Amino acid sequence: QQQVKQSPQSLIVQKGGIPIINCAYENTAFDYFPWYQQFPGKGPALLIAIRPDVSEKKEGRFTISFNKSAKQFSLHIMDSQPGDSATYFCAASIQRGNKLVFGAGTILRVKS
Amino acid sequence: NAGVTQTPKFQVLKTGQSMTLQCAQDMNHNSMYWYRQDPGMGLRLIYYSASEGTTDKGEVPNGYNVSRLNKREFSLRLESAAPSQTSVYFCASSILTRVEAFFGQGTRLTVV
């Protein structure tokens with residue numbers, strides 16, 4: 001039983017395209033929603049995170065959109081580059097619990 | 001700064017053998033975690049230690065034990081390895097009052 005459902009499993013876009021990765025959750029106690037980026041052979045690293053009191057957060061070319069009523073959030077990568085090719089994980093946690101629940105991951109390939 | 005260091009990076013075990021995965025962090029973090037990563041499953045929490053002297057089970061603790069040796073070190077032990085424990089294991093740490101987790105580079109374990 002996956003508490004955070006992520007889609008798609010894999011995604012291929014052309015350079016300059018805007019890949020979108022979606023996640024959905026059930027537990028309304030979640031109050032912190034990070035995205036992690038993982039390159040082959042490396043551990044995941046925090047990319048961007050959002051709290052449910054805002055609907056959108058941008059950091060450089062990365063944007064999180066958050067829909068609290070639908071219990072969904074998504075990652076958009078503007079002007080995607082081959083260097084963005086990686087596995088992306090959404091996650092959720094209850095802040096004070098300090099435990100992350102991860103989605104299954106999306107393998108992104110950006111073609112040059 | 002080294003961040004989170006895991007040893008070994010690769011290991012092959014025979015079914016029934018035991019081993020300990022080591023993890024150390026030099027960021028003075030309070031909380032430490034062990035996750036396993038399997039294809040299509042994302043990262044699943046095995047055990048965590050919210051602070052020195054405490055440990056607790058995560059989502060998939062069966063077949064594992066942990067020891068929080070001191071504030072820096074958190075080890076994961078497989079007493080009798082099984083093929084189902086073939087996975088990539090990640091150690092992570094975080095400051096107690098913040099949720100961003102910093103991951104090590106992983107240990108790829110194969111049980112034959």
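Predicted model, so just to flag it, every value in this text is computed and none were measured. Here is the naming used below: chain letters follow the sequence lines, and residue numbers restart at 1 for every chain.
For A:Gln38, the part sitting under 4.5 Å from any heavy atom of chain B is the side chain, from C-beta outward, and nothing else. The contact between B:Gln37 and chain A is made entirely by side chain atoms (from C-beta outward), counting heavy-atom distances below 4.5 Å. For B:Leu45, the part lying near chain A is the side chain, with the backbone staying farther off; criterion is any non-hydrogen pair under 4.5 Å.
Counting non-hydrogen atoms of neighbouring residues, nucleotides and ligands closer than 6.0 angstrom, the CD atom of A:Gln9 reaches no more than 12 such neighbours. The 12-atom threshold is not exceeded at CZ of B:Arg108, counting heavy atoms of other residues, nucleotides or ligands nearer than 6.0 Å. Other residues, nucleotides and ligands contribute only 12 or fewer heavy atoms inside 6.0 Å of the CD atom of A:Glu26.
When all heavy atoms of B:Gly40 and A:Ala104 are compared, the pair lying nearest together is O-CB, 3.4 Å. For B:Leu43 against A:Phe102, the heavy-atom pair with the smallest separation is O-CB, 3.5 Å.
Distance check, rounded to the nearest 0.5 Å: NZ of A:Lys42 to CZ of B:Phe90 gives 11.0 Å. Distance check: A:Tyr32 OH to B:Glu100 CD gives 6.0 Å after rounding to the nearest 0.5 Å. Separation of atoms OH (B:Tyr33) and NZ (A:Lys99) is listed at 9.5 Å; rounding is to 0.5 Å. Interatomic distance, A:Leu100 CG to B:Phe103 CZ, rounded to the nearest 0.5 Å: 6.5 Å.
Cluster annotation: B:Tyr64 is connected to B:Val111 through the hydrophobic network of ILVMFWY side chains, with a link wherever side-chain heavy atoms come within less than 4.5 Å. Follow the hydrophobic side-chain contacts under 4.5 Å out from A:Leu46 and you reach A:Phe89 in the same cluster. Linking ILVMFWY residues whenever their side-chain heavy atoms come closer than 4.5 Å, directly or via other members, places A:Ile64 and A:Val101 in the same cluster. Clustering ILVMFWY residues whenever any of their side-chain heavy atoms sit less than 4.5 angstrom apart, transitively, puts B:Tyr48 in a cluster other than the one holding B:Met32. Transitive grouping of hydrophobic side chains (ILVMFWY, heavy atoms separated by less than 4.5 Å) keeps B:Val88 and B:Val60 in distinct clusters.
Of the residues considered (A:Pro44, A:Pro34, A:Gly43), A:Pro44 shows the highest number of contacts with chain B, using heavy-atom pairs under 4.5 Å.
When atom types are taken as modelled, the side chain of A:Tyr36 and the backbone of B:Ala101 share a donor-acceptor pair closer than 3.5 angstrom.
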